[in-house]
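All values below come from the heavy atoms of this structure, side chains included, with hydrogens, waters and symmetry mates left out. Quick note on labels: first sequence line is chain A, next is B, and so on, each numbered from 1.
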Amino acid sequence: MSEPLPSIAQRLRGLNERQLDAVKQIDGPLLVLAGAGSGKTSVITTKIAYLIQTCGFKANSIIAVTFTNKAAREMKERVVSILSKPESRGLSISTFHNLGLRILRREYRRAGLKEGFTLFDSQDSLGLVKEILDKEFNGQTDSAAYCQNTISNWKNDLTTPSEAMTNADTEEYLLAAQVYAQYQRYLRAYNAVDFDDLILLPVSLLMADEELRDRWQKKVRYLLVDECQDTNGSQYELIRLLAGYRRCFTLVGDDDQSIYAWRGARPENLERLSVDYPNLKLVKLEQNYRSTKTILKAANTLIANNPHVYDKALWSDLGIGDPIRVMVTRNEDAESERVAAEIQSRHLRYDIPYRDFAILYRGNHQARLLEIKLQAYRIPYKMNGGTSFFSRAEIKDLMGYLRLLVNPSDDNAFLRVVNLPRREIGPATLEKVGNVATDRNVSLFEACGYKDIEESVTGRSLKSLQDFEKWMTTLRKRLEGASPVPVIEQMIYDMDYYGWIQEQSSSTKAAERRIENVRFLLDSIQRMMESAWEEDETAGLDQAISKLLLIDMLERQEEEEDEDKVQLLTLHASKGLEYPHVFLIGCEEELLPHRNSIENDDIEEERRLAYVGITRAKRTLCITMAAKRRQYGEEIDCLPSRFLDELPEEDLVWEGRGDEAENVKKERGQASLSALKAMLND
DNA sequence: CAGGCTTTTGTTTTT
DNA sequence: CAAAAGCCTG
């Protein structure tokens with residue numbers, strides 16, 4: 001031990017009175033209403049340390065849940081830095097989905113799953129829905145996205161297929177309900193689960209099985225949940241079930257930062273808590289340690305336009321700081337250009353590191369232009385989100401192989417990889433395999449091992465099919481008890497996958513990049529295997545790959561290099577983060593209150609989104625908008641976002657090329673006027 | 001069966 | 001205006 005660790009007593013001294021309340025309240029249900037930047041992460045991490053060090057809780061009896069892997073990682077690091085490593089051993093800080101996966105990995109048999117079950121990502125499940133619509137509902141594949149969404153909502157609300165069927169009162173619902181039933185059947189046949197199942201199945205098991213419920217409730221002595229305004233119905237139920245009769249938990253949330261209602265989050269869970277737990281204690285954290293007074297005032301003024309159940313008055317001790325700049329530009333091109341130029345000049349003039357800047361936007365597509373301009377200015381940047389690591393073709397391919405290796409029932413994986421690289425196995429052959437599979441009631445892969453196929457499939461196709469089956473089976477045997485990565489490398493070598501990638505890629509550069517990605521995946525698997533510690537007794541390839549699917553690998557990849565880069569992210573992705581200098585771009589009607597949200601009257605959530613964006617800023621905030629924007633090839637006029645009207649005018653400094661700022665100011669008046677008219681009409 | 005061509009579709013937000 | 005999906009030819 002080189003340096004003495006900061007003792008828990010020291011930690012506690014660093015907290016304010018409210019925060020201390022939140023930490024010390026340990027013997028009952030507690031809700032912490034934590035405003036933006038009020039130090040809730042400190043509270044959670046200190047509390048975990050306090051529970052272990054002062055109150056004598058075993059680390060492995062505490063479960064902390066967050067929504068993103070990033071938050072979980074950060075939290076874990078902070079706890080480990082307070083406690084010693086051995087003391088924090090076995091402590092579980094993970095996302096809801098990871099927790100669900102962990103439960104399922106232990107109890108999968110009771111959920112009707114077999115060993116090595118695979119996890120479908122949303123692309124996989126959309127594909128499955130399409131397949132079902134195609135096969136069983138004469139090709140109504142255009143409603144696939146709708147069905148997928150509806151099914152997901154049902155699952156989040158713990159609605160079973162039969163309940164969905166009974167309650168279906170419209171044509172669409174009925175179709176979705178029928179697809180839902182089939183979808184679940186197919187998933188089980190493939191020995192697969194989707195994201196929603198990771199919560200749904202553990203909840204069903206805990207509800208139905210007393211022994212299991214008992215076991216888990218004994219195991220979990222204290223529960224902490226971050227961002228609980230984002231919990232959906234099934235997640236809330238999971239919390240309740242794990243908390244059990246002991247009812248010892250700390251939930252932290254902020255209703256003003258609820259921005260996930262569209263994916264089933266139910267912020268009203270915060271209110272429901274006091275009904276379900278009458279002795280619920282409430283602590284409010286209202287001191288903001290992050291932003292200047294000006295920024296905080298703007299945020300407060302904006303969010304005051306939303307109704308509130310719990311009143312909250314965020315205040316800051318920090319200085320007034322700079323006023324908020326509002327930049328108006330000719331079009332979206334100029335907007336990105338201005339932002340890039342601004343960052344470069346501030347970087348050069350004041351020596352502000354790139355990493356201190358963040359550019360926030362509503363939709364991922366807005367990043368494209370920014371990338372171009374930032375590159376033109378030679379500004380290093382990091383994009384958060386965007387195309388996931390796992391949606392890259394080469395990664396999907398390899399994952400397909402791994403999935404099939406681990407789970408021979410995974411027909412999806414089979415179909416993806418069976419003819420890749422080319423093995424002369426086309427649709428005709430596969431249809432015959434499909435027939436055998438249906439007759440024998442086995443998966444496609446298993447059907448390849450049956451003698452039956454020799455009756456229908458002949459010649460070269462038959463040989464390559466059987467070779468494929470033998471090859472995969474041999475690999476799987478070799479996988480047993482061995483370290484998986486060398487086996488995978490052998491597999492890649494056997495099929496000359498790198499050669500195939502080179503053949504497929506347009507340039508050697510692109511090919512190199514893709515091979516690098518594959519290597520990175522192998523590397524991650526290796527690391528995952530090595531860190532098969534804490535909790536999970538078995539560490540198989542199957543576990544490694546499903547865990548990796550849940551982790552945003554892009555994050556990981558970037559975090560390794562300690563970089564100085566401008567951060568580009570969506571408003572949604574920015575929650576929980578903070579930056580000294582923030583640019584909030586595209587503040588226009590139809591974009592920041594998004595058009596769909598205007599139509600559905602969901603302005604409040606959009607306002608919260610803007611609120612989240614503003615409260616990310618520590619020192620300066622710059623809001624931009626374009627007067628014109630190209631959309632579907634047509635150039636359209638943009639109105640300033642109504643949220644600009646809701647900010648304190650005296651703290652805003654408008655800039656732009658003279659006339660444009662003037663025009664927009666005029667329009668701004670008109671916008672308010674038309675909003676007023678609309679109100680009067682209601 | 002593959003790759004190149006035309007047509008059509010479309011933009012929220014994500015574990 | 002772009003990307004994806006579907007169509008058609010070599």
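In this structure, the salt bridge (charged side-chain N to carboxylate O under 4.0 Å, His left out) partners of A:Arg595, at least two apart in sequence or on a different chain, are A:Glu590. In this view, A:Asp397 and A:Arg416 satisfy the salt bridge (charged side-chain N to carboxylate O under 4.0 Å, His left out) rule, not counting sequence neighbours.
Phosphate contact (OP1/OP2 of B:dT15, side-chain N/O of A:Ser122, threshold under 4.0 Å): absent. Neither OP1 nor OP2 of B:dT11 sits under 4.0 Å from any side-chain N or O of A:Asn364.
Note that CG of A:Leu644 is 11.0 Å distant from CG of A:Leu639, once rounded to the nearest 0.5 Å.
Atom pair A:Leu104:CG and B:dT15:P shows a separation of 20 Å (rounding to whole Å applied). One interatomic measurement links the two molecules: CG of A:Asp121 to P of B:dT14, which rounds to 15 Å at whole-angstrom precision. Here C:dA2 presents its C1' atom at 15 Å from CG of A:Asp333, a figure rounded to the nearest Å. Rounded to whole Å, atom P of B:dT15 lies 8 Å from atom CG of A:Asn69. Atom CG in A:Asn153 sits about 17 Å away from atom P in B:dT13, given to the nearest Å. A straight line from CE of A:Met383 to P of B:dT14 spans 10 Å, rounded to a whole angstrom. B:dT14 atom C1' lies 12 Å from atom CG of A:Asn156, rounded to whole Å. Between the CD1 atom of A:Ile636 and the P atom of B:dT11 there is a distance of 16 Å, rounded to whole Å.
For CZ of A:Arg368, the number of neighbouring non-hydrogen atoms (other residues, nucleotides, ligands) closer than 6.0 Å is 12 at most.
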(request) Treat a base pair as Watson-Crick or G-U wobble with both distances under 3.5 Å, then lay out DNA chain B in dot-bracket form, 5' to 3', with | for cross-strand pairs. (result) ||||||||||.....
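Counting heavy atoms from C-beta outward, A:Val252 and A:Cys228 have side chains that stay 4.5 Å or more apart.
Of all non-hydrogen atoms in A:Ala36 and A:Arg616, the two that sit nearest each other are CB-NH2, 3.9 Å.
For A:His572, the side-chain atoms get nearest to B:dT13 when compared with the rest of B:dT13, B:dT15, B:dT11.
You can call A:Trp262 stacked on the base of B:dT13; the centres are under 5.5 Å apart and the planes sit within 30°.
Residue order along DNA chain B, read from the 5' end via each residue's closest nucleotide, puts A:Thr429 first among A:Gln631 and A:Thr429.
Between A:Phe583 and A:Phe357, the ring planes lie tilted relative to each other; the angle falls in the 30° to 60° range.
As judged by a 4.0 angstrom heavy-atom cut-off over every strand, A:Arg368 is placed among residues touching the sugar-phosphate backbone only.
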